[in-house]
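Worksheet: the structure to be examined is printed underneath.
The figures here come from the full heavy-atom set of this structure, side chains too, leaving out hydrogens, waters and symmetry mates.
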Amino acid sequence: MSGGRMAVALGFFDGVHRAHREVLSRARSFAGTHSMTAAAVTFDRHPAAVLAGEPERLVQTLDDRIAALRRDGGMDEVIVLPFTDALRTMPWQDFAEKVLLGRFGAGFVSVGYDYRFGYRGEGDAEKLRQAMEPHGVPVCVVGRIDDGDGEACGTRTLRRQIAEGQVRRAGELMGRPFSFEGEVVHGKGLGHTLGFPTMNVQLPPELVLPRPGVYVATVTIGGTVYPAVTNVSPAGLTESFVFSYSEDAYGKRIRVSLLDYVRPMRKFESLGELTAQVMSDKGTASAWFEREKTE
């Protein structure tokens, strides 16, 4: 790349949704026509969570966010800045001049209309333009993008949708399902006894908890995707009944993708009633997959 200059997309990018991808595409396009490196600059921790002193429930783990920025955003590089005290208290002018210009050699910057940076979030898109203009660095500000329901397409919307069980709608905004990886752990073994063994995976603690209940899902094991139904408990334990898979999965890392909400959790009066409901859920999921094939 010419002189190592970067076309920088700025954002936290949790979910890498439709609006994020517009910010990323502006950097990618400029980089392509000006022989620059397209780079997404993000943070290891959510700034708002650090400032509030409590965790922010996320849509993606850091590893998944980095992968999506490369795969879906088309970024050549993903730069993860540790959100340290020094960065938290850095004036916006210093962030623009010392980090963007000095450290990264930014030749172009793209941001969303509501992007804030610097100490107490005092920097905004207009101030970024003011800082970059004397150096001949263009700044592209992407305006609000509607989610189709009258709300701004944003990560807060995604988190709310997932918490309410609207994972299909969230997946449409992201262009991929809400998903997570984890190691299969031992459960009570009840499913195996009843003839429908489940793969139990704990939801990563930093992620937003989907509405407890049963979902149409897929489970990816060793690169192969299997249809499944997944139960999500209030404690974040997920139990996936995977169709057409009979091998021992304990200790393996799998990816669980939630596609659509089926029903809330309920108690059963007998094992027979539980078995019948699981078979009904499997039938619901199988019909769902068949409909998707024809649409």
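- With sequence neighbours excluded, the residues that form a side-chain contact (heavy atoms from CB on, under 4.5 Å) with E181 are R253, R255.
- Applying the 4.5 Å side-chain rule to ILVMFWY residues, one finds that M265 remains a lone member of its cluster.
- The backbone N or O of R116 sits nowhere less than 3.5 Å from a side-chain atom of D124 that would complete a donor-acceptor pair.
- Going from atom CZ of F108 over to atom OG of S29 covers 8.5 Å, rounded to the nearest 0.5 Å.
- Applying the 4.5 Å side-chain rule to ILVMFWY residues, one finds F13, V16, V23, L24, L62, L69, M75, V78, V80, V142, I145 in the same cluster as I66.
- Annotation: side-chain contact (heavy atoms from CB on, under 4.5 Å) contacts of A152 (sequence neighbours excluded): Y113, R144.
- Under a 3.5 Å cut-off, the side chain of S233 and the backbone N or O of A235 do form a donor-acceptor pair.
- Here the side chains of L101 and V137 are in contact, with some heavy-atom distance below 4.5 Å.
- The aromatic ring centroids of H186 and Y250 lie less than 6.0 Å from each other.
- With a 4.5 Å cut-off on side-chain heavy atoms, E151 and R160 count as touching.
- Rounded to the nearest 0.5 angstrom, L10 CG and Y115 OH are separated by 4.5 Å.
- For the atom pair CG of N231 and OG of S240, the computed distance is 9.0 Å after rounding to the nearest 0.5 Å.
- Here the side chains of T238 and T198 are not in contact, with every heavy-atom distance at 4.5 Å or above.
- Listed by chain and residue number, D14, T155, L158, R159, I162, M174, F178 satisfy the side-chain contact (heavy atoms from CB on, under 4.5 Å) test with V59 (two or more places apart in sequence, or in another chain).
- Looking only at side-chain heavy atoms (C-beta outward), F241 and M279 come within less than 4.5 Å of each other.
- Side chains of F180 and T61 form no contact here, defined as non-hydrogen atoms less than 4.5 Å apart.
- Side-chain atoms of H17 come within 3.5 Å of backbone atoms of A19 as a donor-acceptor pair (strictly under, hydrogens ignored).
- Between H46 and L58, the closest side-chain pair of non-hydrogen atoms falls below 4.5 Å.
- A distance of 8.5 Å separates CG in D146 from SG in C153, rounded to the nearest 0.5 Å.
- A distance-only check finds a donor-acceptor pair linking the side chain of Q60 to the backbone of G15 [under 3.5 Å].
- Applying the side chain to side chain donor-acceptor pair (under 3.5 Å) test to residues at least two apart or on different chains, none of the pairs has a partner in residues 94-105.
- Applying the ring pair (Phe, Tyr, Trp, His ring centres under 6.0 Å) test to residues at least two apart or on different chains, none of the pairs has a partner in residues 146-174.
- Side-chain N or O atoms of S286 include one that pairs as donor or acceptor with a backbone N or O of K282 at under 3.5 Å.
- Evaluation of the ring-ring contact (aromatic ring centres under 6.0 Å, His included) rule for Y119 yields no partner, not counting sequence neighbours.
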Kindly list each side-chain donor-acceptor pair under 3.5 angstrom involving residues 203-225, sequence neighbours excluded, with atom names and distances?
{"from": "R211", "atom 1": "NE", "to": "Y261", "atom 2": "OH", "distance (Å)": "3.2"}
{"from": "Y215", "atom 1": "OH", "to": "R211", "atom 2": "N", "distance (Å)": "3.2"}
{"from": "Y215", "atom 1": "OH", "to": "R211", "atom 2": "O", "distance (Å)": "2.6"}

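- No side-chain heavy atom of W288 sits less than 4.5 Å from a side-chain heavy atom of P227.
- Annotation: side chain of I254 is in contact with side chain of V201 (closest heavy-atom distance under 4.5 Å).
- F43 meets the ring-ring contact (aromatic ring centres under 6.0 Å, His included) test with F83; sequence neighbours excluded.
- Residue pairs meeting the salt bridge (charged side-chain N to carboxylate O under 4.0 Å, His left out) criterion with at least one member in residues 21-39, sequence neighbours excluded: E22-R26.
- Checked by atom type, the side-chain pair T42/R65 shows a donor-acceptor distance below 3.5 Å.
- Here Q277 pairs with R263, R266, F268, S280, D281 under the side-chain contact (heavy atoms from CB on, under 4.5 Å) rule; sequence neighbours left out.
- Across all their heavy atoms, G107 and P138 have their closest contact at O-CD, 3.3 Å.
- To the nearest 0.5 Å, the span separating CD on E122 from CD on Q93 amounts to 8.0 Å.
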